Structures are given as C-alpha cells and as structure tokens.
Amino acid sequence: DQNFRISTEAGDQFVIKIANSAEDPAIIDMQLKALAHIALVDPGLPVPEVLFSHNGSPIERIQAENGANHSMRILTYLSGAPPKNDPTDHALLRPMGACLARLVLALRGFFHPIANYELLWDLKHTPKLRQYLPYITDADHHELVSYFLDRFDRNVLPLIPKLRAQVLHNDFVPDNILVAENDPGCIVGLVDFGDMTHTLLINDLATTIAPMLLEHTDPVGVAAEILAGYHELVPIEEAELRILYDLIAARLAMLNVSASWRATIHPYNRDYITGGMNETWSLLEAGRAQNPKDVTKKFFRVCGLWEMDEVNSMQEDANETLQSHLSRR
C-alpha cells in the first residue's frame, strides 16, 4: 500500500490511499462503509471522512506503468500527534480502553458480506501460527511461543463459538491513533482500518492491550487500566475475562512469529520488521513467569466481579483436588 498526504492552496489536507494490486476491492469497500457507519452512529469519534469521486464512487481504479490495477480512495486528513513513547506515562491507558469501547459500540450494528474473510492478524486464527514456527531459529523462543500456542488451543479455542463477536477495528494500537499536541490522554484521531474483520470482542481488546505493555514495569497494572476504561462502556463477560491473559500472550506471540517470517521474505525491510522484537520476547518471558490465575483475579476485581471469581476459584480448586484424588486411586 502507499499513502500520500496532499494539501490544497486553500489549506485543506487529504490522504490518498493506493492499495496494492492484490488487495480485494470488497475489503476496501467494507472499510469505507464502516467509516461512514461510524460517522452516522457516533459523530464524535474522530475517524476520517470518506470522499467521493466525480463518478460518485468512493473507490476508483488506476493503472500503474507496469499495467497493474490498483484501488484508490481519498480520505480527509486528521491532525494530531503520535502518542509519546514514554513507558512512565499512564495518561493514555484508560482513554485507550474507553475509546476502543466507543468504537465497538459504533460498529455494533455494522456488517458486510466479506467481513468474515480469513486474516492472519485475527486472533481466532492463532493456531495457524504453527506453520511459521520454523522461522524462529532460537530454540528458547521457539519453545516459548509453543507454550502459549498450546495454552490457546487448550483454553481459548473451545470457547470461540460461544463468545460475542462482531465487525471490529482489530488494530487499535498506538501506531493507529493520534493524540492532542498538548494533552497525551486526549485521542483526536483513529486511523488504519486495514485489519478490520469479524472477530471476538475480547480479541479486539487483547490486541489493543498487548503493545501497550511494552517497556512497562507493571504490565498487569497497565492491562488493568485499559480494561477498566473499556469495561465502563462495554461490560466484559466472565468467560471473556478468563481467557484475556491467553489472548494477550497470543497477540504478542503473533507479533514476533509474523516478524520472524516476514523478515525472511522481505530482507530489505528487516530492520523495520524486527524492531521491538527483543522487548516482545522479554514481555512474553515475563508473562510466562506470572501465575495466570493471579492475573485473571486482578482482571475480575477491576471489573467488580471479584465475588464471582472467588466462587469460581474455589470450584476450580475443588475440581483439581478431586481429579488428583481420582488419579491416585
């Protein structure tokens, strides 16, 4: 894909987006219709406005010099600053959760015929990462990813058909938001709907939380803050909370598995692709050292569900005791 900012003599600014020739125009159509839907349902959300050509179409086809056809569209340009890369700054955490929840609510009534297309960046397809494990040459890292993939298969996969799902942004991360120049906690722009798909609500939240944990000394506390901002607007269900730990870990694993694979097929862009991998490995190692039950208990308490968690923990302990007793007989 290629993106260009243009400015008119009148001072207006726009973004020209030219898709790669392999992109399905139906996927672009979904993204543009979603933007129009958001603007109608929640006009206060700062998303780009879709512009139409003289032919009355939001998408036009153009041809490159080599004969390849590309889809082109134009959006309004959103002013703002990228979030500061400051691990001590907590100002953005709750606003991230709250803004994501608003976006979820704005998309709740939206659907598109291609919305359920297969996208590797959709966490429900995490098991398919196994085919890329050979690209991870470090034995410790290979084992670390396998550990979290095994947890996903055991804890998450059976629940996927039972949990809430809808069309979601699926990439609400710091790279895709803009904040006010003088207020790092005020989100003034939401961009890049390129990973939009129909997936689990809790996947969308885990995708947002994962990159926000990097370089923080208290990643569980950071996750809890984002979770709290989200839960105030979109209450999270008990079953969703129980797999949040595994989904966050799966997203982090996905980042590094994908980077390991893509770096081999795009060696000229290796530095960009592999940037941040070491920090992600460290975060995965720290996550493995955590007790998942303790992390989940904190998530329950943040959402005011600590009593339910205590009851379920007692039931789980009783079940484990029974299983242990039966195995000895």
Side-chain angles (χ1 to χ4, degrees), residues 1-8 11-20 23-25 27-52 58-59 70-85 91-93 95-107 110 112 115 119 121-122 166-199 203-212 214 226 229-230 251 255 272 275-276:
D1 299 338
Q2 295 186 41
N3 300 289
F4 303 91
R5 181 179 67 169
I6 60 172
S7 301
T8 68
D12 297 319
Q13 296 185 90
F14 305 92
V15 176
I16 296 178
K17 299 178 72 70
I18 302 176
N20 70 75
E23 184 75 88
D24 187 338
I27 294 176
I28 299 174
D29 180 69
M30 173 180 68
Q31 296 165 16
L32 296 178
K33 286 179 177 173
L35 288 173
H37 181 85
I38 292 167
L40 179 67
V41 175
D42 188 349
L45 278 173
V47 298
E49 180 185 347
V50 180
L51 300 179
F52 289 79
I59 304 174
H70 299 263
S71 295
M72 184 188 77
R73 71 268 199 200
I74 299 181
L75 307 174
T76 54
Y77 177 81
L78 299 179
S79 298
K84 293 180 181 178
N85 185 21
L92 191 57
L93 300 181
M96 279 285 284
C99 193
L100 176 63
R102 282 184 62 186
L103 191 52
V104 168
L105 293 173
L107 287 168
F110 175 78
H112 191 278
L119 177 70
W121 289 105
D122 179 356
Q166 65 173 72
V167 177
L168 297 161
H169 184 280
N170 194 45
D171 199 19
F172 191 82
V173 298
D175 284 347
N176 293 333
I177 67 170
L178 299 164
V179 298
E181 295 277 0
N182 58 352
D183 186 352
C186 179
I187 298 174
V188 297
L190 314 177
V191 299
D192 194 351
F193 284 67
D195 283 350
M196 170 176 283
T197 189
H198 186 278
T199 191
N203 285 357
D204 199 34
L205 179 60
T207 295
T208 293
I209 289 175
M212 298 291 287
L214 295 172
I226 299 171
Y230 183 96
R251 177 66 180 191
L255 292 173
Y272 170 76

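None of these values were measured; they are calculated from a predicted model.
Taking CD1 from I16 and CG from L51, the interatomic distance works out to 10.5 Å, rounded to the nearest 0.5 Å. The CG atom of L35 lies 6.5 Å from the CG atom of L75; values are rounded to the nearest 0.5 Å.
Between the side chain of T208 and the backbone N or O of F172, at least one donor-acceptor pair lies under 3.5 Å. Side chain of T8 to main chain of D12: a donor-acceptor pair is present (N/O by atom type, distance under 3.5 Å, no hydrogens or angles). Between the side chain of H37 and the backbone N or O of L107, no donor-acceptor pair lies under 3.5 Å.
Contact annotation: the side chain of Y230 approaches that of V104 to within less than 4.5 Å [non-hydrogen atoms, C-beta and beyond]. Between M96 and I177, the closest side-chain pair of non-hydrogen atoms falls below 4.5 Å. Contact of the N176 side chain with the L190 side chain is not registered, since no non-hydrogen atoms from C-beta on lie closer than 4.5 Å. Residues M30 and F110 have side chains in contact (heavy-atom distance under 4.5 Å, counting atoms from C-beta outward).
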ask   = Passes side-chain contact (heavy atoms from CB on, under 4.5 Å), L100 versus D204? Steps please.
value = CA-CA 8 Å; L100 176 63; D204 199 34; 3.2 Å; yes
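There is a side-chain donor-acceptor pair under 3.5 Å between H112 and D29. For the residue pair T197/N170, the side-chain donor-acceptor check at 3.5 Å is not satisfied.
For residues 168-182, every residue pair satisfying the salt bridge (charged side-chain N to carboxylate O under 4.0 Å, His left out) rule, not counting sequence neighbours, is listed here: D171-R251.
Of all non-hydrogen atoms in L92 and P83, the two that sit nearest each other are CD2-CB, 3.8 Å. Contact record, M212 with P174: SD-CG, 3.3 Å, taken as the closest heavy-atom pair. Taking both residues in full, the closest heavy atoms of A19 and I28 are given as CB-CD1, 3.6 Å, listed atom of the first, atom of the second, then distance. The two residues I59 and S71 come nearest to each other via the heavy atoms CG2-CB, 3.8 Å. In terms of heavy atoms, H198 sits closest to D122 at O-OD2, 3.8 Å. A pairwise comparison of heavy atoms in R73 and P58 identifies CB-O, 3.2 Å as the closest pair.
The aromatic rings of F193 and H169 lie perpendicular to each other, with more than 60° between the two planes, well past the 30° mark.
K17 and D1 are not joined by a salt bridge, as no carboxylate oxygen comes within less than 4.0 angstrom of a charged side-chain nitrogen.
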